[in-house]
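Working notes for the structure below.
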Amino acid sequence: MKAVVSRLAHSKSSLAPFPKISLSTTWRHLSTESNKGEKPFKVEEAQTVDTPPPSTEKLLVLGGNGFVGSHVCKEALNRGLIVASLSRSGRSSLHDSWANDVTWHQGNLLAPETLKDALTGVTSVISCVGGFGSNSHMYKINGTANINAIRAASEQGVKRFAYISAADFGAANYLLRGYYEGKRAAETELLTKFPYGGVILRPGFIYGTRRVGSMKIPLGVIGSPLEMIFQHAKPLNQLPLVGPLFTPPVNVTAVAKVAVRAATDPVFPPGIVDVHGILRYSQQKTK
């Protein structure tokens, strides 16, 4: 028995010592090996960049060099959209810096073929086209011209179309029969051709600073106080005959803001938006 124990002890002492492995050294080695050929991770590369990506939405503003249209163009540019405009005079006479970022087309909506080039690549349209004159002239400008634009946009596969129409002033409409008949005919065509993407805005008096040549007319001096008063007098709108005369004025920037949203936001509900709806939507924050 003693001999066996002695041999075991002798055998144990003759074994080569097991090499000691440093875990920290081994881990560093494995870590270094696994990272060979890879660049160090940079935290800043994973951070969100504030600059928005290039927009794929192209908006065509009909009548973009007019009072309302110019504000619509400016609002659309501020929201990062690609903006083009078509009007009879072509490029705007405004010297503001934003006008250089708009693609200006010259054309006539009474000659629909002039719309083809302007509609290339367009995803949404806003029409600010309208005018006054004889009844027959008003029907052509407010009705026929816009109907032509609506049909051309539909044929080109445009997704959404917003139309700046006008509020109903009741008995006063008779004095501008051609104007309102034209507007309503265009509205009917829009709801037919764009049942899911057509929006009609019906503002009343639109105020803001209008430019007539080199002169600026501050319509807000009258419009802003009336807006404040008539907003709180909504029940007066229901009065027979005179009720519509209490329709509150609306700022041109509010109309432009809602028009751009209506033409580009796929969840904006189609249909008619009256002046109170315009005021409500204009106060909502946009993304």
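Heavy-atom basis, side chains included; hydrogens, waters and symmetry copies ignored. Residue numbers run from 1 in the order of the sequence given.
- Contact between Ala262 and Ala162 at its shortest, heavy atoms only, is CB-CB, 4.4 Å.
- Looking only at side-chain heavy atoms (C-beta outward), Gln284 and Arg261 come within less than 4.5 Å of each other.
- One N or O on the side chain of Arg160 and one on the backbone of Phe268 form a donor-acceptor pair closer than 3.5 Å.
- Within the 4.5 Å cutoff, side-chain heavy atoms of Glu187 are placed close to those of Arg202.
- The minimum heavy-atom distance between Ala186 and Gly143, with the atom names listed, is CB-O, 4.3 Å.
- Closest of all the heavy-atom pairs between Leu59 and Ala76 is CD2-CB, 3.5 Å.
- Tyr139 and Leu176 fall into different hydrophobic clusters, where Ile, Leu, Val, Met, Phe, Trp and Tyr side chains are chained together by heavy-atom contacts under 4.5 Å.
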Evaluation steps, side chain to side chain contact (heavy atoms under 4.5 Å, CB included), between Arg151 and Ile147 | CA-CA 6 Å; Arg151 289 175 179 174; Ile147 289 171; 3.5 Å; yes
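- Grouped with Val267 in a hydrophobic cluster is no other residue, since no side-chain heavy-atom contact under 4.5 Å to another Ile, Leu, Val, Met, Phe, Trp or Tyr is found.
- Between the side chains of Glu57 and Thr264, no donor N or O sits under 3.5 Å from an acceptor N or O.
- Ile200 belongs to a hydrophobic cluster whose other members, connected by ILVMFWY side-chain contacts under 4.5 Å either directly or through intermediates, are Leu60, Leu62, Leu86, Leu109, Leu115, Leu119, Val122, Val125, Val129, Ile141, Ile150, Val158, Phe161, Tyr163, Leu190, Leu191, Phe194, Ile272.
- Under the 3.5 Å distance criterion, the side-chain polar atoms of Asn142 are left unmatched by any main-chain donor or acceptor of Gly182.
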For side chain to side chain contact (heavy atoms under 4.5 Å, CB included), just list the numbers for Thr103 and Val83, CA-CA rounded to whole Å, side-chain angles, deciding distance to a tenth of an Å, and then say yes or no.
-> CA-CA 7 Å; Thr103 301; Val83 182; over 6 Å; no
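- Contact between Gly130 and Lys183 at its shortest, heavy atoms only, is CA-NZ, 4.4 Å.
- Remark: Ser136 OG to Arg177 CZ distance equals 10.0 Å, nearest 0.5 Å.
- There is a side-chain donor-acceptor pair under 3.5 Å between Ser89 and Asn65.
- Interatomic distance, NZ of Lys140 versus OG of Ser134, reported as 8.5 Å (0.5 Å rounding).
- Summarising the local packing, CG of Asp101 is surrounded by more than 12 heavy atoms from other residues, nucleotides or ligands at distances under 6.0 Å.
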What's the verdict on side chain to side chain contact (heavy atoms under 4.5 Å, CB included) for Arg184 and Ser165, showing C-alpha distance, side-chain angles and the deciding distance?
-> CA-CA 8 Å; Arg184 299 302 176 251; Ser165 188; 3.3 Å; yes
Is there a ring-ring contact (aromatic ring centres under 6.0 Å, His included) between Tyr180 and Tyr174 once you walk through the steps?
-> CA-CA 8 Å; Tyr180 280 98; Tyr174 180 77; over 10 Å; no
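- Looking at heavy atoms from C-beta onward, Ser87 lies out of side-chain contact with His105 at the 4.5 angstrom threshold.
- Annotation: side chain of Ser127 is not in contact with side chain of Ile164 (no heavy-atom distance under 4.5 Å).
- Going from atom CD of Gln283 over to atom CZ of Arg280 covers 9.5 Å, rounded to the nearest 0.5 Å.
- Across all their heavy atoms, Ala99 and Trp104 have their closest contact at O-NE1, 2.9 Å.
- The minimum heavy-atom distance linking Ile206 with Phe67 is given by the pair O-CE2, 3.8 Å.
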Run the numbers on Thr253 and Lys257 for side chain to side chain contact (heavy atoms under 4.5 Å, CB included), then give the verdict.
-> CA-CA 6 Å; Thr253 57; Lys257 181 179 179 181; over 6 Å; no
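- Separating the CD atom in Glu75 from the OG atom in Ser70 is a distance of 12.0 Å, to the nearest 0.5 Å.
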